[in-house]
Amino acid sequence: MADVTSIYLPQFTIGETAFDAFENEMGKYGKRVAVVHGEKAWKASKQYIIPALEKAKLTMTGSILYGHEATCENAEKIIKEPCVREADMLLAVGGGKCLDTVKLAADLLNKTVFTIPTIASNCAPITKISIMYYENGSFRDISRLTQVPAHCFIDPRVIMEAPVRYFLAGIGDAMAKFVESQWSAKAGERLNYGSELGIISGEMCFGPLLRDGEKALKAMEKKQVTEELENTILNVIISPGIVSVSVHPYYNGGVAHALFYGLTNRKHIEENHLHGEIVSYGTLVNLMLDQDFSKLNRVYEFHKAVGLPVCLADLELEKKDTMEDILKVTMSNQELIHTPYPVTAADIYQAVQKLEQLGPDDVSRSDGCPLSL
C-alpha cells in the first residue's frame, strides 16, 4: 500500500480591502489575537490592521516585536509572552524572517497562525517550513512544521511601503524556484502527484514574471496598484509557495540556492546583498551549468533590464577569484542532495566563468546559445 500523502495548499486574499476578510477567516478560530511583528513592518501596517481587527470584532491581546533575527531563541521568547499564550491565534506581520519565527512559535504552541507579509520577497507567508539562523545571522537549519498558515492577507498598499529592492529580490528568488525544481526533476524519475503539481505550478514563477516584472517594479516605484503589480506579488509569494508545499524535498532546491549559501560565506556579500538578489545570480549559473541557453538568455536579459546581478562584479567579486571557500560550502549544502546528473565544484566554477564571458551587448544565436560562447 502506498504511503499516505497530505498536501496543504495556501489560502490567501489580496487587494486593498484584503483585511476585510479577517472576520470570515480568523473568526473561525476564536476572538483573541496576538500580533507578533517586525519593527518597521508594524509601523507601516498598523494603521490598516488595528481598525480591521476592530471591525471584525477580534480582540488584540497584545502586539509584540518578534526580535531582529529568525532564531529558535526568539521563537522560544514569543511562546512565553502572556499575550501569546492567552490568544486563540497568532497574526504574524512582517518580512520572511519575522513570519518564519512566528510560524515556528505557533507550531510549538499548537496554535493557528495567520500571516500578513509587509514585503514581497519570498514565499515564507504560506509555507510549511521555517528557515532558522543563529544570532550572528549564519544559517542554522530548516524547521519542518505541522501546518501551513491558515490564511495569508496581502494588502498591496502595505507591500508598497517597503523599499523596491526587496520586491526586486523577491522576483529573483521566485524565478529560481521554477528553474531549480524543473532542473532537479530532469533525471526522468517518475514524479508523484504533489511533485508534478508543484513543478507545473512553478511555471507561474517564470513566464509571468518575465512578462510583468518590469512593469510591476515601475508601479511599485510610483506606488500604484496595478494588475501587473498584484500578479507579480502573487507570483513572488504564492506560486513558489505552492511549489514548496507540494513537491518532494528533492525538487525544492538546486544550484541557485546552494550557491547562495556558499556566496554568503563571504561576509561582505551576506551584509550587502539580499537573499533573492544573490539567488538570482545562482539561477544564471544553474542555467549555464545545464546549458539551457534559451531560458538563460531570457533571464539574463531580464536581469540586465531590472538590475539583478549578471556577473561576479555585481556581487563585489573579481573574475579571477578562485571561489574555493564559496564552492566548498556550496557543495556541502542540502540544496544539492538530489541532482539530475553528477555536479562537481569544478562544474559550477566553469559555469561561473562562462557567465563572465557574456558582454553587455551579447545576443542569442538562433539555437539560443550566447554568441560569445
Side-chain angles (χ1 to χ4, degrees), residues 8 10-68 70 74-75 77-127 130 145 147-162 223 225 230 233-234 237-238 241:
Y8 299 92
Q11 296 186 58
F12 68 91
T13 301
I14 186 170
E16 293 178 73
T17 59
F19 299 162
D20 285 351
F22 282 176
E23 183 175 11
N24 185 53
E25 299 301 333
M26 300 173 71
K28 305 171 186 175
Y29 296 90
K31 291 294 183 182
R32 297 168 299 175
V33 184
V35 179
V36 189
H37 56 78
E39 188 171 4
K40 293 179 181 178
W42 189 232
K43 290 179 181 178
S45 61
K46 64 181 180 181
Q47 61 179 311
Y48 305 113
I49 295 173
I50 294 175
L53 289 171
E54 293 172 350
K55 182 179 178 181
K57 298 180 177 61
L58 296 168
T59 300
M60 191 167 68
T61 59
S63 61
I64 60 169
L65 183 67
Y66 88 98
H68 295 285
N74 280 336
K77 288 179 183 176
I78 290 170
I79 67 176
K80 294 176 183 176
E81 289 284 345
C83 69
V84 169
R85 300 193 73 86
E86 68 185 55
D88 299 314
M89 69 205 87
L90 306 187
L91 178 60
V93 182
K97 289 189 174 183
C98 169
L99 303 188
D100 275 355
T101 307
V102 183
K103 282 157 50 183
L104 177 58
D107 200 68
L108 293 171
L109 285 172
N110 195 29
K111 288 183 184 285
T112 301
V113 62
F114 295 84
T115 60
I116 296 178
T118 54
I119 57 175
S121 63
N122 52 56
C123 57
I126 63 166
T127 58
S130 288
L145 310 176
Q147 60 184 350
V148 295
H151 204 89
C152 174
F153 305 96
I154 306 169
D155 186 333
R157 296 172 302 174
V158 172
I159 299 292
M160 288 191 297
E161 289 298 314
K223 297 192 181 300
V225 178
E230 288 198 346
I233 289 172
L234 291 176
I237 295 175
I238 304 300

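A 4.5 Å side-chain heavy-atom check between Val225 and Met160 finds at least one atom pair inside the cut-off. Taking the side chain as every heavy atom from C-beta outward, Leu91 and Ile49 approach each other to under 4.5 Å. Side-chain contact between Leu65 and His37: present, with at least one pair of heavy atoms (C-beta onward) separated by less than 4.5 Å.
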Please lay out, stage by stage, how Phe153 and Met26 fare under the test side-chain contact (heavy atoms from CB on, under 4.5 Å). CA-CA 11 Å; Phe153 305 96; Met26 300 173 71; 4.0 Å; yes
Apply side-chain contact (heavy atoms from CB on, under 4.5 Å) to residues Ile154 and Leu234 and explain how you reach the verdict. CA-CA 9 Å; Ile154 306 169; Leu234 291 176; 4.1 Å; yes
Could you walk me through whether Lys97 and Asp100 pass salt bridge (Lys or Arg N to Asp or Glu O under 4.0 Å), step by step? CA-CA 5 Å; Lys97 289 189 174 183; Asp100 275 355; over 6 Å; no
With side-chain contact (heavy atoms from CB on, under 4.5 Å) as the test, would you mind laying out the steps for Thr118 and Glu161 before giving the verdict? CA-CA 8 Å; Thr118 54; Glu161 289 298 314; over 6 Å; no
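Nearest heavy atom pair, residue Glu86 against residue Cys83, reads CG-O, 3.6 Å. Across all their heavy atoms, Leu104 and Ala75 have their closest contact at CD2-CB, 3.9 Å. Across all non-hydrogen atoms, the minimal contact from Glu16 to Asp155 is O-OD2, 3.7 Å. In plain terms, the two heavy atoms of Cys123 and Gly241 that are nearest each other are CB-N, 3.5 Å. Nearest heavy-atom pair, Leu99 versus Pro117, reported as atom, atom and distance to 0.1 Å: CD1-CA, 4.3 Å. Between Val93 and Ala41 the shortest heavy-atom distance is O-CB, 3.8 Å.
Panel note: side chain Arg32, backbone Leu58; no donor-acceptor pair is recorded below 3.5 Å.
Between Phe19 and Phe22, the ring planes lie parallel to each other; the angle is under 30°, not in the 30° to 60° tilted range.
Residue-environment remark: NZ (Lys31) exceeds the threshold of 12 foreign heavy atoms within 6.0 Å. Counting non-hydrogen atoms of neighbouring residues, nucleotides and ligands closer than 6.0 angstrom, the NZ atom of Lys111 exceeds 12 such neighbours. Within 6.0 Å of OH in Tyr8 there are 12 or fewer heavy atoms belonging to other residues, nucleotides or ligands. Heavy-atom contacts from other residues, nucleotides or ligands closer than 6.0 Å to NZ of Lys40 number 12 or fewer.
Taking the salt bridge (Lys or Arg N to Asp or Glu O under 4.0 Å) definition, one finds that Lys55 meets it with Asp20, sequence neighbours left out.
A donor-acceptor contact under 3.5 angstrom links the side chains of Lys103 and Thr127, judged on distance only.
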